Amino acid sequence: MIFNSEKFSDVLIIGGGVIGLSIARELKRRGIAKITILERGNAGQESSFAAAGMLAPNAETEKADKFTEICTKSLSLYTEFAAELIEETGIDIELDKNGTLYLAFTEEDSKEILHRFEWQKRAGLRVEHLSAQETRRAEPFVSPDVRESLFFPSDWQVENRRLLCALRRYCELNQIEILENAGVARLVCEGERVVGAETENDRHYAEKVVIATGAWTSLIKAESFALPQVKPIRGQMISFQTAKRLFNKVIYSRRGYIVPRADGRILVGATVEDVGFDKNTTQIGIEMLRETGLEISPSLGHLEISEKWAGLRPSSIDGLPILGAMPEAENLLVATGHYRNGILLAPLTARIIAGKIAANENSEYLEIFSPRRFRAAGAI
Ligand code: GLY
């Protein structure tokens, strides 16, 4: 095969979503000179863009374990992350610390709330129980049918689309090359090492290669091994536009959530569907989201849907992130499988992966979430 060009970088990052962009930034801050990002479409336009930007370890995790711990630690980096990005790029990512409510409407919901309250208290997470009256005092537009709720003061949100703009801007200002419409089909291997990657027309060489390709990870081929299995799980979303902000906090129920933005948009999410690489919205999905929104707040019934979209969450076999070197090639690192929490986990993932590449720093999370766990299970 004849390639138009052969290019060399210190680190090649495949995938220009929030994970790839955050890793690139962190590598640059640690002194890595030549970083190239290869993106199959447009950087920051897939699941990171489709996301709702919730930074919600209390609402998004189910028990006190290492996953909850990594989520909580990544959340704790966000204040600094947002402040640095404003300083570096002038872009405010709208980190919003108003907290999250988790509502109960049925007896089943109340059981879930009690269970969640108990394990989170035991785990030392910040959680408060609110009566129906207290809930409506906190959010007057919540449905009068609410029975009770939990308040998570440390579950925040960020405007993920602004975060992506900020990360892209950081790359532009710091000579990190982003090549778009540059899908990688194959890694280039020499013995035990991955030396680069091939796009349709070009060959890119690098000392280290990072796979941050989310739902598309398993589509990349290498000669003698397979990358971990990651499959797309569709999330459909809708939004409404209001002239002024109606809700102060992110509001969950067991059936979905609403996310109020500073500019008056109200996002409602999300479906969880195993339908392959199909990013269409469906009538049934949109209806379900409308019902979820109405259950939380009948006030939404007066509003027209202003936008609808879908994204593909990257789900590994066990639903947990995959972080670290591939067993077959120590200079090939993966950072993928972030499933429902890519925006939340971006700052800590970036520190862990960049620390390993730039300074051979170890992290317990590189062991716990290593791709080796699937080899042991015979799944890669
Ligand atoms: N983190 C919310 C979702 O994936 O729908």
Side-chain angles (χ1 to χ4, degrees), residues 17-19 22 44-63 67-68 70-72 74-75 78 93-96 98-103 112 116 125 150 152 154-161 163-164 214-215 230-239 247 249-261 265-275 277-282 284-286 288-293 295-296 307-316 318-322 336-349:
V18 71
I19 299 294
S22 300
Q45 291 298 308
E46 290 289 355
S47 34
S48 324
F49 186 84
M54 286 166 301
L55 310 174
N58 290 66
E60 287 277 347
T61 65
E62 303 306 324
K63 56 179 186 289
F67 177 62
T68 303
I70 193 176
C71 288
T72 309
S74 198
L75 176 76
Y78 249 96
I93 65 170
E94 294 178 6
L95 178 62
D96 173 332
N98 291 340
T100 294
L101 285 176
Y102 196 111
L103 311 182
E112 164 60 21
R116 198 166 275 275
L125 298 181
L150 297 181
F152 308 134
S154 306
D155 273 10
W156 303 334
Q157 62 147 315
V158 70
E159 198 351 322
N160 44 297
R161 295 180 184 181
L163 169 61
L164 293 160
V230 178
K231 73 171 172 179
I233 298 293
R234 182 168 71 186
Q236 299 185 49
M237 303 271 303
I238 56 174
S239 68
F247 302 93
K249 304 176 196 326
V250 173
I251 308 180
Y252 268 76
S253 79
R254 281 170 65 228
R255 290 158 289 285
Y257 48 79
I258 68 171
V259 182
R261 294 290 203 224
R265 273 182 308 144
I266 301 168
L267 281 47
V268 183
T271 62
V272 180
E273 302 166 88
D274 185 357
V275 291
F277 289 94
D278 178 353
K279 282 196 308 177
N280 289 306
T281 56
T282 62
I284 192 162
I286 301 304
M288 205 206 82
L289 293 171
R290 201 187 250 293
E291 276 166 31
T292 300
E295 183 188 43
I296 291 173
E307 198 188 343
K308 48 188 179 182
W309 68 97
L312 302 175
R313 305 177 184 89
S315 174
S316 66
D318 57 12
L320 296 171
I322 312 173
T336 185
H338 292 78
Y339 192 38
R340 296 176 64 97
N341 290 289
I343 304 292
L344 170 60
L345 289 169
L348 186 54
T349 297

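Atoms within a ligand are numbered from 1 in the order they appear, just like the ligands themselves. One is the number of the first residue; the rest follow in order along the sequence. Source: prediction; values computed, not measured.
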### Query
Which of the atoms in ligand 1, numbered in the order shown and given with their element, are less than 4.0 Å from a heavy-atom of Met54?
1 (N), 2 (C)
### Message
Heavy-atom distances under 4.0 Å decide this one: backbone, side chain, both or neither, for Tyr339 against ligand 1?
### Response
neither
Closest protein heavy atom to [atom], given as residue, atom name and distance to 0.1 Å:
atom: atom 1 (N) of ligand 1; answer: Arg340 O, 2.8 Å
atom: atom 3 (C) of ligand 1; answer: Tyr257 OH, 3.4 Å
atom: atom 2 (C) of ligand 1; answer: Glu60 OE2, 3.2 Å

### Query
With a distance cut-off below 6.0 Å to the six-membered ring centre and an angular limit of 45° from the axis, does Arg161 pair with Trp309 as a cation-pi contact?
yes
### Message
I'd like to check Glu62 versus Arg116 (side-chain heavy atoms, cut-off strictly below 4.5 Å). Are they in contact?
### Response
yes
### Query
Given side chains that start at C-beta, do those of Leu150 and Leu101 come closer than 4.5 Å, heavy atoms only?
no
### Task
Look only at interatomic distance and state if Arg313 has a nitrogen or oxygen under 3.5 Å from any nitrogen or oxygen of ligand 1.
yes
### Query
Any N/O of Asn341 closer than 3.5 Å to an N/O of ligand 1?
no
### Query
Looking only at atom types and distance, does a side-chain atom of Arg313 sit under 3.5 Å from a main-chain N or O of Gly342, one as donor and one as acceptor?
no
#### Entry: Between Glu94 and Gln157: side-chain donor-acceptor atoms closer than 3.5 Å
no
